[in-house]
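In what follows, a structure is listed as structure tokens, so that the remarks can point back to it.
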Amino acid sequence: MNHWLVKSEPEAYSWAAFVREGGTDWTGVRNYQARNNLQAMRPGDLALFYHSVSEKAVVGVALVEAVAAPDATAEAGSPWVAVRLRPHAALARPVPLAALKADARLAGLALLRQSRLSVTPVRAEEFDAVLALGEGN
DNA sequence: GCCAACGTTGGC
DNA sequence: GCCAACGTTGGC
């Protein structure tokens, strides 16, 4: 199983909306590197759900339900794809960007190294470390 | 609101 | 094919 991180501006599409809807097609990715990451996702993979810009925190975990398919919001024949995601678990405590940066185990996190990329791979150890930071006390 | 990073576009 | 200009993203 592989692990990922997807970003969303909460003002555009929040974790709360994602939970309310029970899942979504992760559309709107218009960057080739991010698209390649979407295409590498397999059902059963888990993705950290990160709120960018206003909150800057990992807030939950999504489950990949279906492999990449053409993005319905893109022009027909375009190279853009979307995967189907559904909520897997909320974090007891959001893990802020500052906490990610402060943790030595996460120094190699793709999110930190390439902050503009909206879909990034996450190593299993990194994924576990983030979940541990998000556990309640 | 500013600006750094970085991807894309278009002139040559 | 190079690279300057420009647009977008996202942290601060």
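Convention: sequence-line order gives letters A, B, ...; per-chain numbering from 1. Values below: all heavy atoms of this structure, side chains included; hydrogens, waters and symmetry mates excluded.
Note: CZ (A/Arg30) to P (B/dT8) measures 13 Å, nearest angstrom. In this structure, A/Gln114 atom CD and B/dG7 atom C1' are separated by 11 Å, rounded to whole Å. When the P atom of B/dC6 is taken as reference, atom CG of A/Leu111 falls 13 Å away, rounded to whole Å. Distance CZ (A/Arg35) to P (B/dT8): 11 Å, rounded to an integer number of Å. Atom CG of A/Leu5 is separated from atom P of C/dG10 by 11 Å (rounded to the nearest Å). In this structure, A/Asn31 atom CG and B/dC6 atom P are separated by 12 Å, rounded to whole Å. Counting to the nearest Å, the C1' atom of B/dC6 and the CG atom of A/Leu112 are 17 Å from each other. Taking atom CH2 on A/Trp80 and atom C1' on B/dT8, their separation rounds to 10 Å, with Å as the unit.
A continuous path of ILVMFWY side-chain contacts below 4.5 Å connects A/Phe127 to A/Met1, so both sit in one hydrophobic cluster. In the hydrophobic clustering of ILVMFWY residues, with side-chain heavy atoms under 4.5 Å counting as a link, A/Val59 and A/Leu46 come out apart. Hydrophobic clustering keeps A/Trp15 apart from A/Val58 (ILVMFWY residues linked when any side-chain heavy atoms are closer than 4.5 Å, directly or through intermediates).
Across B/dG7, C/dG11, B/dT8, the shortest atom-to-atom separation from the side chain of A/Lys101 is found for C/dG11. In this structure, the nucleotide among C/dG10, B/dA5, B/dG7 sitting nearest to the side chain of A/Arg116 is B/dA5.
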Do any side-chain atoms of residues 5-12 of chain A form donor-acceptor pairs under 3.5 angstrom with protein atoms, and if so which ones, sequence neighbours left out?
residue	atom	partner	partner atom	Å
A/Lys7	NZ	A/Ser115	O	2.3
A/Lys7	NZ	A/Leu117	O	3.4
A/Ser8	OG	A/Tyr13	O	2.5
A/Glu11	OE1	A/Ser54	OG	3.1
A/Glu11	OE2	A/Ser54	OG	2.7

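Aromatic ring orientation, A/Phe49 versus A/Trp26: perpendicular (interplanar angle above 60°, classes split at 30° and 60°).
Residue contacts for A/Lys56: at a heavy-atom cut-off of 4.0 Å it reaches a base atom on one of the strands shown. Residue A/Leu117 is out of contact with every strand shown, counting any heavy-atom pair closer than 4.0 Å.
At the phosphate of C/dG11, OP1 or OP2 sits under 4.0 Å from a side-chain N or O atom of A/Tyr50. Between C/dT9 and A/Gln33, no contact under 4.0 Å exists linking OP1 or OP2 to a side-chain N or O.
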